[in-house]
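Order of the sequence lines fixes the chain letters, A, B, ..., with proteins taken first and strands second; residue numbering starts at 1 for each chain. The figures that follow rest on heavy atoms only: side chains count, while hydrogens, waters and symmetry mates do not.
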2 protein chains.
Amino acid sequence: MKLSDRKKKILQIVVDEYISNAQPVSSKSITQNYMRDVSSATVRSELAALEEMGYLSQLHTSSGRVPSIEAYKLYVSELMDKGKLTGKELTQIKTAFARQSGNMEEVVKNAAKVISELTDYTSIAVAAHDEDDVIEKISIFPFKEDTALLLIVTDRALIRDKFISIPTDMTEEQLESANRLVNRTFAGKRLGEAMAASLEAEEQFESYRTIFDRVIDAITDYVNDKSGGVVMAGEDKILNHPEYAEADKVKNFLSVVTSRDRIADMLTEDNDIEISIKIGGEDKNLPDDCSLVTATYSAGNVKLGTYGVIGPLRMDYQKVVSVLEGVGKILEDMVNKK
Amino acid sequence: MKLSDRKKKILQIVVDEYISNAQPVSSKSITQNYMRDVSSATVRSELAALEEMGYLSQLHTSSGRVPSIEAYKLYVSELMDKGKLTGKELTQIKTAFARQSGNMEEVVKNAAKVISELTDYTSIAVAAHDEDDVIEKISIFPFKEDTALLLIVTDRALIRDKFISIPTDMTEEQLESANRLVNRTFAGKRLGEAMAASLEAEEQFESYRTIFDRVIDAITDYVNDKSGGVVMAGEDKILNHPEYAEADKVKNFLSVVTSRDRIADMLTEDNDIEISIKIGGEDKNLPDDCSLVTATYSAGNVKLGTYGVIGPLRMDYQKVVSVLEGVGKILEDMVNKK
DNA sequence: AGTTGGCACTTAGAAGGCAAGAGTGCTGAC
DNA sequence: GTCAGCACTCTTGCCTTCTAAGTGCCAACT
């Protein structure tokens, strides 16, 4: 069934009002503040119709209306006005990034922090890293008798430090040449290729098999460990919102948010979409009473990472989307200028 | 005033009971469960005396007694029995560490996780890193035209990746030789020395001054940034405890816990003490209604890090201390065996 | 002098009743 | 299709009452 323009307008008002006040919206408040041209009785019948269609519900017969999940979905896809950041907010984003030195982890942290501050929700972020990262350099250097430190640098400037055990009878010189061989083999390869490279190159490394295998192990671990680079900020922000006034709701929320695996899963799921909004049960990892708005940033063809905000259904989507867009713009400017 | 043995016993019972039940303790429950040899009236008069001395308080005239901060202090210093881990708990700690590869960050994360799981409180940890870390190797390698990636490896196996900007007119060969020079100067030096080294060595580096300065900057940043290595686990555990049933208390707690600077401050404050217990306002960063138990681990002379548990005053100190001791023991075994 | 049973007293918390207020649904008139 | 008016429903706050838990104190006992 198609919604009339007036129904759409009323639904938008209800969602807007509910988002900003967290209170059921009554027919009276709609006519008083937004639609003086009709009476509350008229609005009431429209509200009843919208409820019939599944967009609204009441907590009890004599309460105002509350948007349903369906209403939020419609709201973000059709009804919502486009938000705009104030100059002050833009400056805040810029200064957040100005401080940092270019360390990728720091960029992600700063982004998460500023997003959380501007939106007043918990923000989560993960730097992109996957099989397409290209290996630039590998260093192995001896640390203790039978241990060496392995560093892998990729084009996204992410570095992993792993300790690997090395045969005790290996001399420094042998290690050095293993190092060179490993670099020769892997440098320039994508991580995915490197993982598969083991068999082909095997013969060349007769005496350095162990080292070679450890490198592959480390790369494999890295590719598989999506949750490693997850960063969060404003974990306590959720408590600023009245739907989380009860401790057990908070608990539920926090237990999801603190599980990095679940977060990583959600953030890496469909990261080809620029801005994605998931409401309620739209993601298996997302609790029914939460929404997740994510943005994936790229510079040219290179994905930089996915950033997002997790919060109540009654989220200020308009604000969140504009903050994420603002951050994306500034982030991309920054990367391109470099 | 000196406490009689019976008063001590009663105080211990009250604290133990309150820790396990979170309910004010009545004279009746004391006589029924712990002291059948005296009547409740007798215990009542003892309780009144303990209250007079400031160890106990009541929420209202007809409620049982609740320990004061003073009582907790006395409890941990004199009254508390020594806890002992079960075999199962020990195994759990061991397996938590067995998985990991030796990456220092991972060790810290695993430790934080297992501590939180075993104690059911939020745990915090920071890998030790300070001016005494010895630089093992520095690598600078070009990343984009005017940017290079700087890696500093110290004896604690902590690695920092920082981007530094380099003069655009520098050739790869020049960078390579700057790299060698930097290594020659800094390798083997403590970070503190390295920071101060700038003036002495200046002349040698006429043409590589910029690089040299950047390295010093990076080292200085690293030494000053205590909060960088803070790790947390079980942030949601706090909600398992009834004193945090109200959302605003949770908020207060979380806002402290999520501030890495404050956490880092507390953890690095007096890290020469093996096990330290701070109750209520005993640390300026600690909320009045929280306690912090920390342990600093070392292998030989080298500090490995400080691990701790933050939770309500009504914390199971006995359990927490034994878990921290257990983790310490296993951690030290592990490091020594290597 | 310390211990104890007995008893009056205090308080929190649960349960019930009542009135006010907010909001709806419906109806009949325009 | 719109709307004023009215009956109806439900929540919320407030008051009262009642009960249970626990204490403090006192007089009697060892």
Between P on C:dT10 and CG on B:L59, what's the gap in Å once rounded to a whole number?
18 Å

My understanding is that only one of B:I19, B:L11, B:V14 makes a side chain to side chain contact (heavy atoms under 4.5 Å, CB included) with B:Y75; could you say which?
B:I19

Taking CG from A:L47 and C1' from C:dT24, how many angstroms apart are they, rounded to a whole number?
10 Å

Cationic N near anionic O, under 4.0 Å, A:E89 to A:K319
yes

Step by step, work out the side chain to side chain contact (heavy atoms under 4.5 Å, CB included) result for A:F253 and B:D236.
CA-CA 9 Å; A:F253 178 83; B:D236 57 327; over 6 Å; no

Got a salt bridge between A:E325 and A:K82, using NZ or NE/NH1/NH2 to carboxylate O under 4.0 Å?
yes

For B:E246, all residues meeting salt bridge (charged side-chain N to carboxylate O under 4.0 Å, His left out), sequence neighbours excluded:
none

Sorted by position of nearest nucleotide on DNA chain C, 5' first, the leading residue of B:R6 and B:H60 is B:R6

Residues B:S291, B:Y317; criterion side-chain hydrogen bond (donor to acceptor under 3.5 Å, both in side chains); working and verdict:
CA-CA 9 Å; B:S291 284; B:Y317 297 97; 2.7 Å; yes

Measure distances between side-chain N and O atoms of B:T61 and base N and O atoms of C:dT10, and say whether any donor-acceptor pair falls under 3.5 Å.
no

Near DNA chain C, which residues from residues 23-44 of chain B have a heavy atom under 4.0 Å away?
B:D37, B:V38, B:S39, B:A41, B:T42, B:R44

Could you list where the contact with chain A starts and ends along DNA chain D, reading 5' to 3', using a 4.0 Å heavy-atom cut-off?
D:dT2 to D:dT11

When rounded to whole Å, the CD to P distance for the pair B:E46 and C:dA1 reads 16 Å

B:K249/B:E243 salt bridge by N-O under 4.0 Å criterion:
no

Between B:Y121 and B:H241, how do the two ring planes meet: parallel, tilted or perpendicular, split at 30° and 60°?
parallel

